[in-house]
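To keep things clear, I will list the structure first and then write my remarks on it.
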Amino acid sequence: LKAKVVLDRNYKIAPVDKRIYGSFIEHLGRAVYGGIYDPHHEQADEQGFRKDVIHLVKELQVPIIRYPGGNFVSGYNWEDGVGPVGDRPRRLELAWRTIETNEIGTNEFADWANKVNADVMMAVNLGTRGIDAARNLLEYTNHPGGTYWSDLRKSHGYEKPHKFKTWCLGNEMDGPWQIGHKTAHEYGRIAKETAKAMRLVDPEIELVACGSSNTGMATFPEWEAITLDHTYEEVDYISLHQYYGNSENDPANYLAKNVDMDHFIKTVTSTCDYIKAKHRSKKTMHLSFDEWNVWYHSREADKKIDPWTISPPQLEDHYNFEDALLVGSMLITFLLHADRVKMACLAQLVNVIAPIMTENNGRAWKQTIFYPYMHTSLYGRGISIKPILSAPKYDSKDFTDVPYIDCAAVFNEENEELTLFLVNKHLSETINLTADIRSFEEYQVVEHLVLENDHLKAANTAESQNVVPHSNGESTKEGGQLQIIVPKTSWNVIRLK
Ligand code: AHR
C-alpha cells in the first residue's frame with residue numbers, strides 16, 4: 001500500500017506545549033506506596049523514594065504530574081497529609097475502599113516532583129469539601145509566610161512556598177461514582193466561587209475546570225456548556241478524560257479509537273468557542289486532557305480485591321504491543337490539536353495503569369506504552385506542523401474512513417530538527433509513505449525508530465523486555481522527498497536534522 005504526506009515548515013498548527021507530556025500520580029493502589037515510595041526497598045533514598053523509579057520517570061522527561069487524585073481527591077482532607085508523619089491519621093479511603101496511611105502528603109510529593117524535575121498539577125477537593133479547604137491549602141503551599149497556614153508549612157520544615165501554579169477544581173464531578181457528585185449547575189457555581197477565592201490568595205495560579213469524564217457520559221457536552229457558562233472568565237482550562245480498551249478483541253476497531261478522541265477534542269473546542277461567543281469574551285479556553293490511557297486489562301482482577309487494605313494492586317493493567325500503538329496514536333492526536341490541547345496527563349505513571357511498574361522487592365521495569373510516550377516527550381517538542389495526508393482508509397465496527405496511517409510532525413527550530421511520528425494500523429500490510437518535505441530539503445535522516453512485533457498481544461515483564469524499539473527503520477531521502485517504509489502495525493519515529 002502507498003500513502004503520501006506533505007510537510008511544510010510554514011503549515012504551523014501551534015507550538016507544542018511540553019505539558020502535553022504530563023502524567024498523574026494518585027493515592028491509589030501501589031502508585032504511591034510501593035510505587036514511588038517504599039522505604040524498605042534496597043533502592044530507597046533518604047526519604048524512602050525509590051531511586052530506580054525516579055530514574056525511569058526522568059527518562060520520560062515528564063514536565064508536570066497531577067496529584068493527589070483522581071477520585072481520591074474528592075474525599076481527601078489535605079491536612080491529614082502534612083506535619084509529623086507519626087501524628088497523621090489513618091483513614092478509610094472511600095473512592096477505592098482502601099486504608100490511607102497518609103505517610104506521603106503534599107510536601108513529600110513536592111519533594112519527589114523536584115527529584116524527577118516535574119511541576120505539580122494540584123487538585124482540590126470539591127466533593128466532600130469546598131472553598132474553605134481549597135483556599136487554605138493554597139495559602140499553605142503558595143503563600144510566603146506570616147499567616148496561619150503559611151507559617152504552619154514553615155513549621156513543617158518547608159520554609160519556601162512550593163508555588164504550585166496549576167490547580168484542578170475537583171475531579172470528574174459529572175460522574176455519579178464521584179464522592180460529592182454534582183449537577184453541572186451545582187458544579188459550575190462551586191467551581192466559580194472556589195476559583196475566585198483561590199485567585200484572591202494567589203493571582204499567579206491557573207485553574208482547570210472539570211469537563212466530562214468520557215465521551216459516553218449522557219451529560220456530555222451539555223456539562224461543558226453549563227460549567228463554562230458559570231466559570232468562563234474564572235478558569236483557564238477545561239479538562240477531558242478518556243480511557244479505551246479492547247475487551248472485544250477487535251484490533252482494527254481498537255486501533256481506530258483515537259478517532260473518538262479526535263471528535264471529543266473537536267466537540268469540547270466547539271463548546272468552548274460557543275460559550276466564548278455567548279459571553280462576547282476575548283479569551284480562548286484551552287483544553288487539559290488530564291487523564292488518558294488504555295484501561296481495561298485489570299478490571300476483572302480489581303473486583304476480587306478485598307476492601308480496606310493498604311496499597312493493594314489495583315488497576316495494574318499489563319500492557320501489550322497493540323496498547324502501545326493506540327497510545328502512540330493518541331499522542332499523535334494531541335500533537336494535531338496543539339493549538340488547543342495545552343496539557344495532557346498519561347494516567348497514570350507508576351503501577352496504576354502505568355508505563356512504569358515495580359516489583360515489591362525487585363526491580364522497576366518498562367511497559368510497552370513507555371516507548372511511544374518517551375519518544376514523543378523527548379522528540380515532540382517544537383512546533384506542530386500540519387501534515388497534509390492522503391492514506392488508504394478502512395471501516396471498523398464503530399468507525400468509518402479511518403486512515404491506516406496516523407501522522408504528526410514536530411519542527412524544533414532551536415535544534416533544527418524535524419521529527420515525524422507515524423502509526424501504521426494495517427494488520428498485515430506494509431505502507432510505503434512518501435513524505436514531501438521540500439522546505440526541509442537540506443535535512444537528513446538521523447534515526448528511524450520502530451516499535452513492531454509479530455504478536456499484538458506481546459508484552460513486557462519484570463524479567464523480559466519483549467517489546468522494545470529498534471533503530472533499523474528504513475527511510476531514504478531523495479531530494480525533497482522522504483521514502484518511508486512503515487511496517488504493518490508499527491509505531492515509528494523518524495528524526496531528521
Ligand atoms: O485514573 C483512574 C481514575 O479514573 C481516576 O481516579 C478517576 O478520575 C478516573 O475515573
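Predicted model only: the values in this text are computed from it and were never measured. Counting starts at 1 for both ligands and their atoms, following the listed order. One-based numbering along the sequence shown.
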Task: Chi angles and distances behind the ring pair (Phe, Tyr, Trp, His ring centres under 6.0 Å) call for Phe264, Phe289 - done: CA-CA 10 Å; Phe264 192 14; Phe289 214 121; 5.7 Å; yes
- [ ] Quick one: sort the Tyr140 and His156 rings into parallel, tilted or perpendicular, breaks at 30° and 60°.
- [x] tilted
TODO: Give the ring-plane orientation class for Tyr37 versus Phe49, where under 30° counts as parallel, over 60° as perpendicular and anything between as tilted.
DONE: perpendicular
Open item on the list: Regarding Asp119 and Lys165, does a basic nitrogen lie under 4.0 Å from an acidic carboxylate oxygen?
Closed with: no
- [ ] Among Arg90, Arg88, Arg91, find the one that has a side-chain hydrogen bond (donor to acceptor under 3.5 Å, both in side chains) with Asp80.
- [x] Arg91
If you look at each N/O of ligand 1, which protein N/O atoms lie under 3.5 Å away, and at what distance?
unit_1: ligand 1; atom_1: 1 (O); unit_2: Tyr243; atom_2: OH; d: 2.8
unit_1: ligand 1; atom_1: 1 (O); unit_2: Glu291; atom_2: OE1; d: 3.3
unit_1: ligand 1; atom_1: 1 (O); unit_2: Gln348; atom_2: NE2; d: 3.0
unit_1: ligand 1; atom_1: 4 (O); unit_2: Glu291; atom_2: OE1; d: 3.1
unit_1: ligand 1; atom_1: 6 (O); unit_2: Glu26; atom_2: OE1; d: 2.6
unit_1: ligand 1; atom_1: 6 (O); unit_2: Glu26; atom_2: OE2; d: 3.1
unit_1: ligand 1; atom_1: 6 (O); unit_2: Asn71; atom_2: N; d: 2.9
unit_1: ligand 1; atom_1: 8 (O); unit_2: Asn171; atom_2: OD1; d: 3.2
unit_1: ligand 1; atom_1: 8 (O); unit_2: Asn171; atom_2: ND2; d: 3.0
unit_1: ligand 1; atom_1: 8 (O); unit_2: Glu172; atom_2: OE1; d: 3.4
unit_1: ligand 1; atom_1: 8 (O); unit_2: Glu172; atom_2: OE2; d: 3.4
unit_1: ligand 1; atom_1: 8 (O); unit_2: Glu291; atom_2: OE1; d: 3.3
unit_1: ligand 1; atom_1: 8 (O); unit_2: Glu291; atom_2: OE2; d: 2.6
unit_1: ligand 1; atom_1: 10 (O); unit_2: Glu172; atom_2: OE1; d: 2.7
unit_1: ligand 1; atom_1: 10 (O); unit_2: Glu172; atom_2: OE2; d: 3.2

- [ ] Scan side-chain atoms only and decide if Asp174 and Thr219 contain a donor-acceptor pair under the 3.5 Å cut-off.
- [x] no
